Every structure is written in C-alpha cells, then in structure tokens.
Chemist: 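Mind looking over this structure? Questions follow.
This one's a predicted model, so the numbers in the text were calculated from it and none came from an experiment.
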Amino acid sequence: MDILALNCGSSSVKYQLFDWNRGEVIAKGMVERVTVGDSFIVHEVPGRETYREEYECPSHETAIHLIIKILADAEHGVVKMIDEISAVGHRVVHGGEKFTRSVMIDDEVLAGIREVQHLAPLHNPPNIAGIEAALSVLPDVPHVAIFDTAFHQTMPEHAYTYPLPHEWYTKYGVRRYGFHGTSHLYVSKRAAVLLGKDPRDCNIITMHIGNGVSHSAIKGGISVDTSMGLTPLEGAMMGTRCGDIDPAIPMFIQQQENLGPKEIDSILNKKSGVLGVTGQYTDRRDVLEGIEEGDERCRLALEIEAYRLKKYIGAYAAAVGGIDAVVFTAGVGEMAWQIREKALEGLEFMGIILDREKNRNTQTRKTENIITTPDSKVKVFVIPTDEELVFTEDVVAILEGTYTDHMKFDYSFCHKEFQRK
C-alpha cells in the first residue's frame with residue numbers, strides 16, 4: 001500500500017510517497033513556482049540522483065498531474081501504474097474549532113475547510129486548491145485531511161481565549177489555534193518513549209524551530225498551550241515573522257510611513273524576524289557565519305532569538321507545573337547547537353544541566369539525542385521530526401477504521417522498539 005502525502009502552498013506543492021508495507025519513503029520532492037511561472041519539479045528517490053525538470057504549472061492541478069506523471073515515469077518513477085497509490089493525505093493548515101483530528105475528505109469536510117479559510121487566507125485557499133486538484137487527478141482513491149491545528153484543540157478555554165471583545169470570538173472565531181501540530185505530536189510522543197514513561201505521565205515543552213517557529217506546553221500528553229495564535233504570526237521570533245510584539249507598533253508605523261494594512265501585514269510576516277534584525281538573512285547558518293565574521297546585527301539576532309526561546313521555556317514550565325523534558329526539533333532546532341546552548345544557558349535552577357560537548361556534537365537530522373548530563377533533573381532532547389509519518393499513519397488508520405484521538409491511537413513511534421528509516 002503506497003500513501004501519497006501532499007502539502008500545497010500558494011506557489012509550491014511538496015509530496016512524499018510512502019510504501020506502507022516496507023515502512024519507508026520511496027520518493028519525495030517539490031514542484032516550485034506553481035502559478036507564478038518558470039515552474040519546475042525536484043524529484044528524489046533513495047539511491048538515485050536527484051531529478052529536476054522544467055515544467056510550466058499555471059495551476060495546482062497541473063502540478064499534481066506532473067507529480068503523478070513523474071511517480072509513474074518509466075525512467076524516474078517508483079510505481080508501474082498510478083493505481084498503486086492507495087490513498088492521499090493532505091496537509092491543511094487551519095481547521096478552526098471544527099476539526100479536532102484527521103478526517104476522510106468528502107463534500108461536507110471540504111465545505112468545512114472553506115468555512116474557516118478566512119482564518120488562514122494565505123494558507124487554506126492553496127490547501128483547498130490542492131485537494132480539489134488531487135480529487136480531479138485521483139478521483140477513485142480515498143483522500144484524508146490532516147490539520148495543523150488539530151493537536152492544539154485540547155487547550156483549555158483560559159489558554160486559547162484572548163482578552164478582547166468576546167463577540168470577536170463568537171462572530172469571527174478570534175482565538176488561539178496554534179500550528180505545527182503533527183510535529184509537536186510526533187516529538188512529544190518520542191520524548192515520552194525516551195523518558196521511559198507513558199505520555200499521560202509526562203510534562204514536556206516541545207520547540208519546533210525552523211523558518212517558522214512554534215512551541216507547545218504539553219501536560220499529561222496533551223497540548224495545553226502553544227505559542228502561535230489565530231495565525232502563525234504570534235509567538236517566537238522566526239525567519240521572517242516578528243512573533244510577539246507590542247500590538248500598537250503596526251498602527252504607529254502605519255501612520256508614520258503612510259502604509260496600508262496589506263503593506264503592514266507583509267512587513268510583519270515577510271520582512272521581520274531574523275531578516276528584519278539582520279537586514280539580509282533568514283537562514284540561521286548565514287547568521288552564524290555572520291557572527292564569525294563580526295557582524296553585530298547577526299549577533300543581536302542570535303541573542304534575541306535565544307532569549308525569547310528561554311522565556312518560553314520558563315513560562316511553559318510554570319504553565320504545566322514543572323517539566324520532565326524539553327525537546328528541540330525542525331531544521332534549526334536539530335542543527336543549530338549555538339542557539340540551543342544560548343537558550344538553555346542559566347537554566348540550572350530549573351534542573352536543566354546542559355552537556356555542552358554533547359550539544360555541540362549534535363548536528364544531525366537522522367538520530368535522536370540527549371544533550372543534558374546524567375544528573376540533569378530535566379532532560380533535553382534533540383529529536384528529528386517526522387510529520388509525514390504522522391500523516392501516513394493517520395491515513396492508514398482511517399482507511400482501516402482504527403483511528404481515534406492521539407492519546408488512544410497506537411502510533412508506531414510510541415513504542416520503544418521503533419526505529420526511524
């Protein structure tokens with residue numbers, strides 16, 4: 001059984017084909033510059049050279065047609081016939097309050113996703129376009145929606161409610177939703193395994209740090225708070241997003257610079273964060289190189305990011321009443337030892353004792369590592385995330401009728417003998 005996972009953005013479509021019987025990824029890739037011109041596909045198959053092809057994709061439907069064509073191609077493909085694909089899993093960024101778990105897509109579900117697209121106008125429309133395109137290209141296989149927001153729907157009312165006019169919530173759905181749910185789910189379950197505990201007996205802070213950054217406070221195995229809010233803009237400092245700021249600043253700058261709402265929104269989402277501070281970088285590797293070369297704005301960007309990470313660790317430890325572990329994941333969380341070291345510096349009073357040598361030697365996206373000393377009361381793990389595996393297992397379980405909420409569902413990675421492939 002081969003499961004195709006699709007992640008449709010406004011101008012890209014990421015894909016992965018997973019062979020369920022063999023338990024491994026057999027192909028993955030991305031179509032870039034969809035709808036904007038000069039589009040192309042990058043296709044990767046283990047053991048082969050990466051294949052790249054220029055192919056004009058004016059729509060998501062064309063892009064998905066291209067993916068199917070490559071997957072079944074005689075030279076570059078991995079399946080002989082397209083009907084070898086048993087199901088398709090779709091990443092949907094925002095499910096609002098309507099969707100608390102992954103679901104089989106039908107007309108009612110698609111209508112529900114449309115109903116909440118005003119909450120994620122940059123993300124849900126391309127997600128919907130991708131679903132509609134895939135349904136057109138692969139009409140005879142099951143399609144499943146996996147929601148970024150679902151994992152965080154366990155937050156209590158006092159954590160997700162903003163101190164704003166209450167009718168904004170009742171009329172427009174303004175509240176904290178959170179994102180990166182599949183990543184937080186995966187690494188928190190893996191951390192419980194590494195601790196040798198049942199997830200229900202663990203308090204864990206998970207820190208997903210990539211270009212986008214979010215943190216989750218997990219108490220007794222469920223999310224009770226998370227740093228992103230109504231949109232992915234709130235929370236930590238990110239590659240191009242500002243994260244937490246004084247909400248009066250945008251109005252102040254709007255008046256000073258005579259800017260419109262769309263221009264302000266673009267600045268906060270695309271020109272702030274690490275890019276805003278450094279003036280030129282979003283990739284933390286470039287920032288670290290800049291520090292080596294004496295760039296003071298790069299140094300400041302690192303200091304700001306690490307300081308804000310540290311504050312979230314302290315706040316979430318208080319929120320859950322003490323923690324068993326902190327988990328770093330995603331590209332920056334897994335690779336940038338300098339940011340981890342700076343964020344954990346001075347937290348010995350909380351029971352976090354960093355092993356600096358282990359931390360500095362942990363720069364990999366392949367293995368799970370502990371970077372604290374044996375006598376550290378709170379363990380700190382670096383765990384490579386695997387959102388696609390969550391996608392795949394949700395899809396298969398829905399097909400087999402065994403799927404339930406994540407505290408009851410028996411994911412393969414919740415077991416001690418589990419090994420990443």
Side-chain angles (χ1 to χ4, degrees), residues 152 176 178-180 183-184 187-188 191 203-218 223-229 232-245 272-278 281-288 291 297-320 322-356 358-360 362-363 369-372 376 378-385:
H152 302 297
R176 180 179 306 282
F179 301 90
H180 296 138
S183 178
H184 291 294
V187 299
S188 64
N203 290 349
I204 297 168
I205 298 171
T206 51
M207 313 194 81
H208 178 108
I209 311 172
N211 189 46
V213 182
S214 70
H215 316 312
S216 186
I218 298 172
S223 174
V224 296
D225 204 351
T226 190
S227 57
M228 285 181 168
L233 183 60
E234 187 183 359
M237 173 182 178
M238 307 178 213
T240 62
R241 297 186 188 118
C242 61
D244 297 332
I245 60 169
S272 300
V274 175
L275 178 60
V277 177
T278 64
Y281 302 128
T282 60
D283 193 315
R284 310 313 197 278
R285 292 169 295 189
D286 294 329
V287 174
L288 295 170
I291 293 171
R297 286 171 69 177
C298 287
R299 180 199 58 77
L300 179 60
L302 173 64
E303 294 280 352
I304 295 171
E305 180 160 31
Y307 176 65
R308 287 176 167 230
L309 295 176
K310 182 180 296 186
K311 287 205 296 182
Y312 265 103
I313 293 173
Y316 282 176
V320 300
I323 53 175
D324 297 288
V326 176
V327 181
F328 288 89
T329 192
V332 179
E334 294 163 24
M335 298 296 290
W337 65 263
Q338 300 94 329
I339 293 174
R340 295 194 303 258
E341 182 173 287
K342 198 74 178 173
L344 297 171
E345 194 174 73
L347 296 184
E348 291 80 8
F349 76 97
M350 289 178 57
I352 298 176
I353 305 174
L354 181 66
D355 185 320
R356 290 176 181 266
K358 282 184 180 179
N359 181 49
R360 295 185 180 201
T362 299
Q363 299 179 67
N369 294 278
I370 184 169
I371 59 172
T372 41
S376 181
V378 175
K379 308 302 179 186
V380 179
F381 300 110
V382 178
I383 300 177
T385 192

Chemist: Just jot down the ring-ring contact (aromatic ring centres under 6.0 Å, His included) partners of Y316, sequence neighbours excluded, or say none.
Modeler: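 For Y316 the ring-ring contact (aromatic ring centres under 6.0 Å, His included) partners, ignoring immediate neighbours, are Y312.
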Chemist: Would you name the heavy atoms of L309 and A343 that are closest together and state the gap between them?
Modeler: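 Reported closest heavy-atom pair: CB-CB, 3.9 Å.
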Chemist: Apply the test side-chain contact (heavy atoms from CB on, under 4.5 Å) to residues L347 and K310: give CA-CA distance (whole Å), side-chain angles for both, the deciding distance (0.1 Å), then the verdict.
Modeler: CA-CA 8 Å; L347 296 184; K310 182 180 296 186; 3.9 Å; yes
Chemist: Taking all non-hydrogen atoms of both residues, which atom of V320 and which atom of A217 are closest, and how far apart?
Modeler: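 Heavy atoms of V320 and A217 come nearest at CG1-CB, 3.9 Å.
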Chemist: Can you measure from CG (D324) to CZ (F381) and round to the nearest 0.5 angstrom?
Modeler: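 That separation rounds to 9.5 Å.
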Chemist: In the structure I gave you, are the side-chain heavy atoms of L344 and F328 within less than 4.5 Å of one another anywhere?
Modeler: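 Side-chain contact under 4.5 Å: yes.
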Chemist: State which residues pass salt bridge (Lys or Arg N to Asp or Glu O under 4.0 Å) with D283; sequence neighbours excluded, sorted by chain then number.
Modeler: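 Partners of D283 by the salt bridge (Lys or Arg N to Asp or Glu O under 4.0 Å) criterion, ordered by chain and then number, come out as R285.
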Chemist: Let me confirm one number: the CG-CD1 distance from D286 to I291, rounded to the nearest 0.5 Å.
Modeler: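 Separation between the atoms: 11.5 Å.
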Chemist: Would you compute the distance between atom CG of L302 and atom CG of L288 and round it to the nearest 0.5 angstrom?
Modeler: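 Reported value, rounded in 0.5 Å steps: 6.5 Å.
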Chemist: The criterion is side chain to side chain donor-acceptor pair (under 3.5 Å); which residues satisfy it with E334, sequence neighbours excluded?
Modeler: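 Applying side chain to side chain donor-acceptor pair (under 3.5 Å) to E334 gives T329, R365.
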Chemist: Apply side chain to side chain donor-acceptor pair (under 3.5 Å) to R241 and list each qualifying residue two or more places apart in sequence or on a separate chain.
Modeler: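 Not a single residue meets the side chain to side chain donor-acceptor pair (under 3.5 Å) criterion with R241.
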Chemist: If you measure from CG on N359 to CD1 on I370, what distance do you get to the nearest 0.5 Å?
Modeler: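 Rounded to the nearest 0.5 Å, the CG-CD1 separation comes to 12.0 Å.
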Chemist: With sequence neighbours left out, write down each residue that passes side chain to side chain contact (heavy atoms under 4.5 Å, CB included) with R308, or none if nothing qualifies.
Modeler: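 Per chain and number, R308 pairs via side chain to side chain contact (heavy atoms under 4.5 Å, CB included) with M237, D244, I304.
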Chemist: Write down the atom of I209, the atom of E305, and the distance for their closest heavy-atom approach.
Modeler: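 Heavy atoms only, the tightest pair is CG2-OE2, 3.8 Å.
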Chemist: Is the shortest side-chain heavy-atom distance between M207 and I313 below 4.5 Å?
Modeler: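 Yes; the side chains approach each other to less than 4.5 Å.
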Chemist: Counting only N and O atoms by type, is there a donor-acceptor contact under 3.5 Å from the side chain of S227 to the main-chain atoms of H215?
Modeler: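 Pair found, side chain donor or acceptor close to backbone of H215.
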Chemist: Would you indicate whether the side-chain heavy atoms of I204 and V327 approach each other to under 4.5 Å?
Modeler: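 Touching, per the 4.5 Å side-chain cut-off.
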Chemist: Restricting to side chain to side chain contact (heavy atoms under 4.5 Å, CB included), what partner residues turn up for L275, sequence neighbours left out?
Modeler: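 L275: side chain to side chain contact (heavy atoms under 4.5 Å, CB included) contacts with T240, T282.
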Chemist: Can you name the side chain to side chain donor-acceptor pair (under 3.5 Å) partners of S188, sequence neighbours left out?
Modeler: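 With neighbours one apart ignored, the set is empty.
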Chemist: To the nearest 0.5 Å, what is the distance between CG on L233 and CZ on F179?
Modeler: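 Atom-to-atom, L233:CG and F179:CZ are 10.5 Å apart.
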Chemist: So, using salt bridge (Lys or Arg N to Asp or Glu O under 4.0 Å) as the criterion, who are the partners of K342 when residues are at least two apart?
Modeler: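 Checked K342 against salt bridge (Lys or Arg N to Asp or Glu O under 4.0 Å); matches are E303, E345.
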Chemist: Under the side-chain contact (heavy atoms from CB on, under 4.5 Å) criterion, do T362 and W337 qualify, and how do the steps go?
Modeler: CA-CA 7 Å; T362 299; W337 65 263; over 6 Å; no
Chemist: With a 4.5 Å limit on heavy-atom distance, are the side chains of V274 and R284 in contact?
Modeler: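 When only atoms from C-beta onward are counted, R284 and V274 do touch, with a gap below 4.5 Å.
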Chemist: For residues A191 and I383, report the shortest heavy-atom separation together with the two atoms involved.
Modeler: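 Shortest heavy-atom contact: N-CD1, 3.8 Å.
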Chemist: Short question: side chain of R297, backbone of V277 - any donor-acceptor pair under 3.5 Å?
Modeler: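 Pair found, side chain donor or acceptor close to backbone of V277.
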Chemist: Using the test salt bridge (Lys or Arg N to Asp or Glu O under 4.0 Å), find all partners of R340 that sit at least two apart in sequence or belong to another chain.
Modeler: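 Not a single residue meets the salt bridge (Lys or Arg N to Asp or Glu O under 4.0 Å) criterion with R340.
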Chemist: Taking all atoms of both residues into account, what is the closest heavy-atom pair of I353 and S376, and its distance?
Modeler: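 The pair with the smallest heavy-atom distance is N-OG, 3.0 Å.
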Chemist: I'd like to check the side chain to side chain donor-acceptor pair (under 3.5 Å) partners of T206; sequence neighbours left out, ordered by chain and number.
Modeler: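 Counting only residues at least two positions away or on another chain, T206 forms a side chain to side chain donor-acceptor pair (under 3.5 Å) with H184.
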Chemist: Could you walk me through whether R176 and E234 satisfy the side-chain contact (heavy atoms from CB on, under 4.5 Å) test, starting with their C-alpha distance in whole Å, then the side-chain angles of each, then the deciding distance to 0.1 Å, before giving a yes or no?
Modeler: CA-CA 9 Å; R176 180 179 306 282; E234 187 183 359; 3.0 Å; yes
Chemist: Where do L354 and I371 come nearest, in terms of heavy atoms and distance?
Modeler: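 So the two residues come closest at CD1-O, 3.1 Å.
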Chemist: Any donor-acceptor pair under 3.5 Å linking the side-chain atoms of H208 with those of S214?
Modeler: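 Looking only at side-chain atoms, H208 and S214 do not form any donor-acceptor pair under 3.5 Å.
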Chemist: Of all residues at least two apart in sequence or in a different chain, which pass the salt bridge (Lys or Arg N to Asp or Glu O under 4.0 Å) check with E348?
Modeler: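 Counting only residues at least two positions away or on another chain, E348 forms no salt bridge (Lys or Arg N to Asp or Glu O under 4.0 Å).
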Chemist: Do the side chain of N203 and the main chain of G322 share a donor and acceptor less than 3.5 angstrom apart?
Modeler: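 Judged by distance alone, yes, a pair lies under 3.5 Å.
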Chemist: Counting N and O atoms only, with roles assigned by atom type, does the side chain of S223 sit under 3.5 Å from a partner on the main chain of H152, one being a donor and the other an acceptor?
Modeler: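 Such a contact is absent between S223 side chain and H152 backbone.
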Chemist: Of all residues at least two apart in sequence or in a different chain, which pass the side chain to side chain contact (heavy atoms under 4.5 Å, CB included) check with I245?
Modeler: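 In terms of side chain to side chain contact (heavy atoms under 4.5 Å, CB included), with neighbours along the sequence ignored, I245 is linked to C242, I249, P250, L268.
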